[in-house]
There are 2 protein chains.
Amino acid sequence: MVIFASQGDPRRTMALLWRDTGSAAAPDRRPGPRPGLTLDAVVAAGIEVADVDGLAGLSMRAVGERLGRTAMALYTYVSDKAELLDLMYDQVHAELVADTADGADWRTALAAWAAESWDFHLRHPWVSQVSMTRPVLGPNENAAMERLLRILRPTGVSARRTRGIVGALTHLVRGAAAMAAESRQAARETGQSEADWWYARSPVLAAVAPDYETRFPLLTWLEAGRDAADDDAVGYMENEARQALAEGLKVIVAGIDVSRTPSDTI
Amino acid sequence: MVIFASQGDPRRTMALLWRDTGSAAAPDRRPGPRPGLTLDAVVAAGIEVADVDGLAGLSMRAVGERLGRTAMALYTYVSDKAELLDLMYDQVHAELVADTADGADWRTALAAWAAESWDFHLRHPWVSQVSMTRPVLGPNENAAMERLLRILRPTGVSARRTRGIVGALTHLVRGAAAMAAESRQAARETGQSEADWWYARSPVLAAVAPDYETRFPLLTWLEAGRDAADDDAVGYMENEARQALAEGLKVIVAGIDVSRTPSDTI
DNA sequence: CGCCGACACTTTACGGCATAAGGAGATGTC
DNA sequence: GACATCTCCTTATGCCGTAAAGTGTCGGCG
């Protein structure tokens with residue numbers, strides 16, 4: 001279920017990631033029929049399939065079909081499904097390397113980063129399902145991280161603490177965006193909107209747990225504080241996720257601000 | 001890949017979740033052979049399989065085999081793999097309902113909650129892969145959330161902001177623990193420790209990106225600040241995840257503290 | 001007692017998945 | 001023209017969830 005990237009030959013995958021076509025460049029004319037596809041085309045097709053049908057829909061057959069080939073044809077360009085996913089992962093991260101709020105206050109720049117990351121994950125919902133424990137180590141993944149560090153640099157927080165904060169920010173954005181993306185995906189795949197889903201379950205819950213309000217008083221209090229108008233536009237869960245990101249970011253920024261000390265500098 | 005729970009008949013699944021055996025209780029002696037298993041046994045077997053082999057290893061065949069049955073035998077007790085997962089999900093959350101730091105300062109109680117949640121996710125690594133967008137609505141899931149709210153209650157933060165903070169905390173703990181859990185799982189499944197993995201890739205990265213240090217100065221700075229001794233004990237990624245949780249929690253607590261205003265009360 | 005229907009559980013089958021193995025045809029070099 | 005090499009294909013294997021149909025066991029009713 002969780003996809004572990006980078007299992008094949010590291011040398012090969014790394015060369016493809018950094019598009020190191022070999023020290024002697026490409027010999028270019030070799031015997032055999034000319035390739036009808038390119039690696040970039042295969043990766044792009046993979047991204048298109050995953051964007052629409054999720055990681056579950058990313059099959060070699062589906063990618064091949066999009067390119068007018070069979071599944072096995074892809075193995076000419078890519079050694080593995082895992083390698084394809086590595087390349088897809090790094091490719092989409094190119095969308096996150098540009099510093100859009102260059103020179104702005106770090107709080108502003110961080111907010112811009114979070115907003116862009118949110119959009120990014122909604123565009124490519126499968127990204128948040130790829131495990132982070134075996135980083136792909138591609139150029140774009142590195143560049144995207146470098147950008148976040150450039151934003152946090154002016155806070156003067158130490159390297160040690162910065163690593164923790166980067167992790168916390170990443171988990172927050174990933175988690176919130178994943179929830180929103182899955183909410184949309186679930187509605188599409190199951191053909192049941194969130195409202196429908198809730199209307200079907202709410203009375204059943206009430207029937208099966210008639211003492212809900214006394215048993216879970218704080219949950220009841222929490223629900224009572226909702227502004228239903230917000231939900232209609234984007235759906236309950238997506239709204240919750242958006243709020244979690246906004247509130248989490250706010251609280252983290254406040255926490256960084258208050259905990260900055262001279263000893264943290266550099 | 002992402003598992004959407006609760007797709008079957010809501011009435012049936014909810015009744016099983018809340019163990020509402022029907023208003024007329026159990027008729028108990030009916031024609032036909034006596035059931036050799038119980039629902040609880042099936043759910044427990046599912047949890048055992050998933051704990052060891054992950055969601056990817058959770059197959060009806062595997063669960064059946066653990067119980068000395070075929071895959072199809074399970075359909076007597078459970079209508080679906082999704083329903084089984086719902087029941088497993090709520091069942092394990094029973095481990096998180098007890099208030100262990102009752103009456104303590106909310107900062108202490110929150111730290112205890114985070115530590116327990118961390119352990120919980122390492123015990124049941126598959127939980128963080130179940131989508132949160134279609135909550136199971138079982139008794140234990142509700143009770144676990146109620147407990148977190150009880151901890152946050154003394155901060156006096158409004159319901160609206162509390163929802164955001166709860167989401168942020170959940171995403172942080174889920175993300176960090178998932179990373180640690182996947183790190184262990186990857187080492188086990190691929191038979192390659194994190195150190196081995198890194199030693200295989202580090203020189204390749206250096207060869208393919210000789211200008212790494214000038215291209216990614218801040219990443220280089222970040223890596224330089226690492227205390228290698230920490231990693232030996234638990235592995236690099238698990239340590240990173242632990243730090244992210246600790247630092248994120250610290251910063252969120254500081255942020256809550258500083259942003260508490262009289263207007264937030266109640 | 002004998003039979004019927006309900007029920008637990010099994011075997012078999014289907015379409016989907018990644019990918020190993022081997023074959024067909026195209027294209028370059030000699 | 002022969003041959004090596006390359007792209008792309010077909011086929012096969014062993015997984016998955018679960019539909020369909022069969023087997024044997026039991027309680028209740030005649």
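Just so you know, these numbers come straight off a predicted model, no measurement behind them. Chain identifiers are assigned alphabetically (A, B, ...) following the order of the sequence lines, protein sequences preceding nucleic acid strands; residue numbering begins at 1 within each chain. When reading the values below, keep in mind they use all heavy atoms of this one structure, side chains included, and skip hydrogens, waters and symmetry mates.
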Visitor: Heavy atoms under 4.0 Å is the rule here; annotate nucleotides 12-22 of chain C 5' to 3' with B where the base is hit, S where only the sugar-phosphate is, and - elsewhere.
Guide: -----BBBBB-
Visitor: Can you list, pair by pair, the side-chain donor-acceptor contacts under 3.5 Å of residues 38-50 of chain B, counting residues two or more places apart and other chains?
Guide:
{"from": "B:T38", "atom 1": "OG1", "to": "B:A41", "atom 2": "N", "distance (Å)": "3.1"}
{"from": "B:D40", "atom 1": "OD1", "to": "B:R19", "atom 2": "NH1", "distance (Å)": "2.5"}
{"from": "B:E48", "atom 1": "OE1", "to": "B:R66", "atom 2": "NH1", "distance (Å)": "2.5"}

Visitor: How close or far is atom P of D:dC15 from atom CD of B:E65, stated in whole angstroms?
Guide: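 Nearest whole value for this atom pair: 11 Å.
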Visitor: Taking B:T76 for its side chain and B:A73 for its backbone only, find out whether a donor-acceptor pair lies under 3.5 Å.
Guide: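 The answer is yes, because a donor-acceptor pair under 3.5 Å joins these two groups.
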Visitor: Can you give the dot-bracket line for DNA chain D, where a pair is Watson-Crick or G-U wobble with both atom distances under 3.5 Å, crossing pairs use [ ], and | marks a partner on another strand?
Guide: ||||||||||||||||||||||||||||||
Visitor: Determine whether a donor-acceptor pair (N or O, by modelled atom type, separation under 3.5 Å) exists between the side chain of B:E141 and the backbone of B:V136.
Guide: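 Side chain of B:E141 to backbone of B:V136, a donor-acceptor pair under 3.5 Å: yes, one is there.
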Visitor: Donor-acceptor pair, distance only, cut-off 3.5 Å: does the side chain of B:Q243 make one with the backbone of A:R163?
Guide: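 No: the side chain of B:Q243 does not pair with the backbone of A:R163.
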Visitor: Say whether, by atom type as modelled, one donor and one acceptor occur between the side chain of A:N142 and the main chain of A:G138 under 3.5 angstrom.
Guide: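 Flag set: sc A:N142 to bb A:G138 pair under 3.5 Å.
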Visitor: Could you note down all residue pairs passing salt bridge (Lys or Arg N to Asp or Glu O under 4.0 Å) where residues 169-178 of chain B supplies at least one of them, sequence neighbours left out?
Guide: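 Residue pairs with at least one partner in residues 169-178 of chain B: there are none.
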Visitor: Could you tell me which residues satisfy ring pair (Phe, Tyr, Trp, His ring centres under 6.0 Å) with B:H93, sequence neighbours excluded, listed by chain and number?
Guide: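 Scan of B:H93 (ring pair (Phe, Tyr, Trp, His ring centres under 6.0 Å), adjacent residues dropped) gives B:Y89, B:F120.
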Visitor: Checking the side chain of B:Y77 only, and the main-chain atoms of B:L37 only, is there a donor and an acceptor separated by less than 3.5 Å?
Guide: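 Between the backbone of B:L37 and the side chain of B:Y77 there is a qualifying donor-acceptor contact (under 3.5 Å).
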Visitor: Please check if any side-chain donor atom of B:S131 sits under 3.5 Å from a side-chain acceptor atom of A:E182, or the reverse.
Guide: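 Per modelled atom types, B:S131 and A:E182 side chains form a pair under 3.5 Å.
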Visitor: Would you kindly say whether A:E238 and A:S183 are connected by a side-chain donor-acceptor distance under 3.5 Å?
Guide: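 On atom types as modelled, these side chains do not qualify, holding no pair under 3.5 Å.
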Visitor: Counting only side-chain N and O atoms of B:T70, is one of them less than 4.0 Å from OP1 or OP2 of C:dC9?
Guide: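 So the side chain of B:T70 is outside the cut-off, no N or O lying under 4.0 Å from OP1 or OP2 of C:dC9.
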Visitor: Anything under 3.5 Å between a protein N or O and an N or O of nucleotides 3-8 of chain C, put it in a table, one pair a line.
Guide:
{"from": "C:dC7", "atom 1": "OP1", "to": "B:R30", "atom 2": "NH2", "distance (Å)": "3.4"}

